[in-house]
Amino acid sequence: MTKDNSTKIVFFGTPKFAVPTLQALVTEGYHVVLVITQPDEPVGRKQVLTPTPIKVEALKLNVPVKENLWEIKNYNADLGVVVAYGKIIPQAILDLFPLGLLNIHPSLLPKYRGPSPIQSAILNGDDETGVSIIKLDEQMDHGPIISQIQVPISKDESSPTLFDKLSVLGAELMIKALPDYVAGKAKLEPQDDSKATYCEMINKEDGLIDWTNSADQIERQIRAYAPWPGSFSEFDVNHKKINIKIISAIICDPVETRNCASLPHDNQSPVGKFVIKNNQLVVQCGHGALLIEKLQPEGKKEMPAQAFINGYLK
RNA sequence: CGCGGGGUAGAGCAGUUGGCAGCUCGGCAGGCCCAUAACCUGCAGGUCGCGGGUUCGAGUCCCGCCCCCGCAA
């Protein structure tokens, strides 16, 4: 492997997704002179001030960590590597890097520019997604593509597993792409802007299930929005309304196998209500129905549907 | 001190004004049946989160602690 240890790299990243890339860079012997990450934030129920995963990793690797972008001036860096940093980096900062900045984006750009590409790919039922490495330019997720790799999306893929996969693949792809790029031999393929699509920041309300949608669509939503914001709905249980998060479900379609093949999917049950059929928990949707596997009532831990039936619906 | 719900059998829940700790499912044994995830009979399984206190008596009331979860990113 051709490495140029004289290239000084500044790494920008914040969440867990960025960690494998930082690790790989250091392990492969690249000279990471500085890590820029977001400030510690209060986290969790107890609002404990917590450093970002990247900060924790950087300290472990003995790389200096700063939150102030202007610190970069003191490091004479050549190249920037940006992985889920979480903020727009101002042009004046970009100009400090002679070799520019590379960015890992977890989609097949120009598809799914924006902040939620992984969730969007699952939500839309895509067969595949991927990871792209681009050179940052002045527009969001717009720069020329240096490298790209496809990844199939299985029928039961959920956001957490896909995050993990793409996180690791992104790191590998970066390590493969860097030598040529640093040597000035990389091909820069401009994106076809006419094919660009965009995804939005996800909000809590996006997790609210609209049971008039098709079972198909709701099932994809459940996988896409795990673990946050989750997919939830209000149900009538023993004359009380409780908010319940659906953790996983199977589409009740006679074509599908599994044990729901014999279930009556009569399209007559009330939409969005629990129905017990053959001792299984089913919710009728606008089209088709969902067999609930795991769920979580508010204030409770997640539990199998069977346990929910035994404890709540008897 | 951000707001709130909770910890009772392997799982999920009940437990009234303090008075023999219960229900559904699961497990085990037996029965019925062509057969079964159905049905019948029986059995096992509990330091009621931890530590104090009040009381003749605490799952239940009081104080302290630990843990889990929903909202709040």
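Quick note on labels: first sequence line is chain A, next is B, and so on, each numbered from 1. Every heavy atom of this structure was used, including side-chain atoms; hydrogens, water molecules and symmetry mates were not.
For residues 78-94 of chain A, every residue pair satisfying the side-chain hydrogen bond (donor to acceptor under 3.5 Å, both in side chains) rule, not counting sequence neighbours, is listed here: Q91(A)-D95(A).
Remark: Y312(A) is not in phosphate contact with G12(B), judged by side-chain N or O atoms under 4.0 Å from OP1 or OP2. Contact annotation: Q306(A) does not reach the phosphate of G12(B) (side-chain N/O to OP1 or OP2, under 4.0 Å).
The residues D236(A) and K273(A) are annotated as not salt-bridged, no charged nitrogen and carboxylate oxygen being separated by less than 4.0 angstrom. Under a 4.0 Å N-O distance rule, the pair K111(A)/D126(A) qualifies as a salt bridge.
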Extract from the structure each pairing of a protein N or O with an N or O of nucleotides 7-11 of chain B at less than 3.5 Å, listing the distance.
none

Which atoms of nucleotides 2-4 of chain B (N or O only) lie under 3.5 Å from a protein N or O atom, and what are those distances?
from, atom 1, to, atom 2, distance (Å)
G2(B), N7, R45(A), O, 3.4
G2(B), O6, R45(A), O, 2.9

Identify the pairs formed between an N or O of the protein and an N or O of nucleotides 37-41 of chain B at a distance under 3.5 Å, and give each distance.
none

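Whole-Å rounding puts the L281(A) CG to G12(B) C1' distance at 13 Å. When rounded to the nearest whole Å, the span between CG of L313(A) and C1' of A14(B) equals 15 Å. As a whole-Å value, the separation of I276(A) CD1 from U24(B) C1' is 11 Å. One interatomic measurement links the two molecules: CD1 of I244(A) to C1' of G70(B), which rounds to 12 Å at whole-angstrom precision. If you take NZ of K245(A) and P of G5(B), they are 19 Å apart, rounded to a whole angstrom. Rounded to whole angstrom, the span from the CD atom of E298(A) across to the P atom of G12(B) amounts to 18 Å. Rounded to an integer number of Å, the gap from Q296(A) CD to C68(B) P is 14 Å.
Listed by chain and number, the residues in a side chain to side chain donor-acceptor pair (under 3.5 Å) with K55(A) are D40(A) (sequence neighbours excluded). In this structure T37(A) satisfies the side chain to side chain donor-acceptor pair (under 3.5 Å) test together with T52(A), sequence neighbours excluded. Looking at residues two or more places apart in sequence or on another chain, you find no salt bridge (charged side-chain N to carboxylate O under 4.0 Å, His left out) involving D210(A). Applying the side chain to side chain contact (heavy atoms under 4.5 Å, CB included) rule to Q23(A) yields the partners V19(A), E57(A); only residues at least two apart in sequence or on another chain are considered. Not counting sequence neighbours, the partners of D156(A) by the side chain to side chain donor-acceptor pair (under 3.5 Å) test are S154(A). Under the side chain to side chain donor-acceptor pair (under 3.5 Å) criterion, Q296(A) pairs with no residue, sequence neighbours left out.
In this model, a donor atom of one side chain and an acceptor atom of the other lie less than 3.5 Å apart for Q191(A) and R113(A).
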List, one per line, each side-chain donor-acceptor pair under 3.5 Å for residues 162-174 of chain A, sequence neighbours excluded.
from, atom 1, to, atom 2, distance (Å)
K165(A), NZ, E157(A), OE1, 2.9
S167(A), OG, F17(A), O, 2.9

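In this structure, U41(B) and A29(B) make a Watson-Crick or G-U wobble pair, each of the two defining distances being under 3.5 angstrom. In this structure G19(B) sits in a base pair with C56(B), meeting the Watson-Crick or G-U test at under 3.5 Å. The nucleotide C71(B) finds its pairing partner in G2(B), both defining distances of the Watson-Crick or G-U wobble pair being shorter than 3.5 Å.
Under the 4.5 angstrom side-chain criterion for Ile, Leu, Val, Met, Phe, Trp and Tyr, the cluster partners of F232(A) are L208(A).
For G7(B) and G12(B), the P atoms lie 11 Å apart once the distance is rounded to whole Å. Nucleotides C25(B) and A21(B) place their P atoms 23 Å apart, quoted to the nearest Å. G53(B) and U60(B) have their P atoms separated by 14 Å, given to the nearest Å. Atom name P, nucleotides C63(B) and U54(B): the rounded distance is 15 Å, in whole Å. Atom name C1', nucleotides G22(B) and A14(B): the rounded distance is 7 Å, in whole Å. A9(B) sits 8 Å from G49(B) when the P atoms are compared, rounded to a whole Å. Taking the C1' atom of each, C28(B) and C65(B) are spaced 39 Å apart, rounded to whole Å. Rounded to a whole angstrom, the distance from the P atom of G26(B) to that of C62(B) is 38 Å.
For the pair K240(A) and P297(A), nearest-nucleotide mapping onto RNA chain B gives the more 5' position to K240(A).
Not one N or O on the side chain of D180(A) forms a donor-acceptor pair closer than 3.5 Å with the backbone of A177(A).
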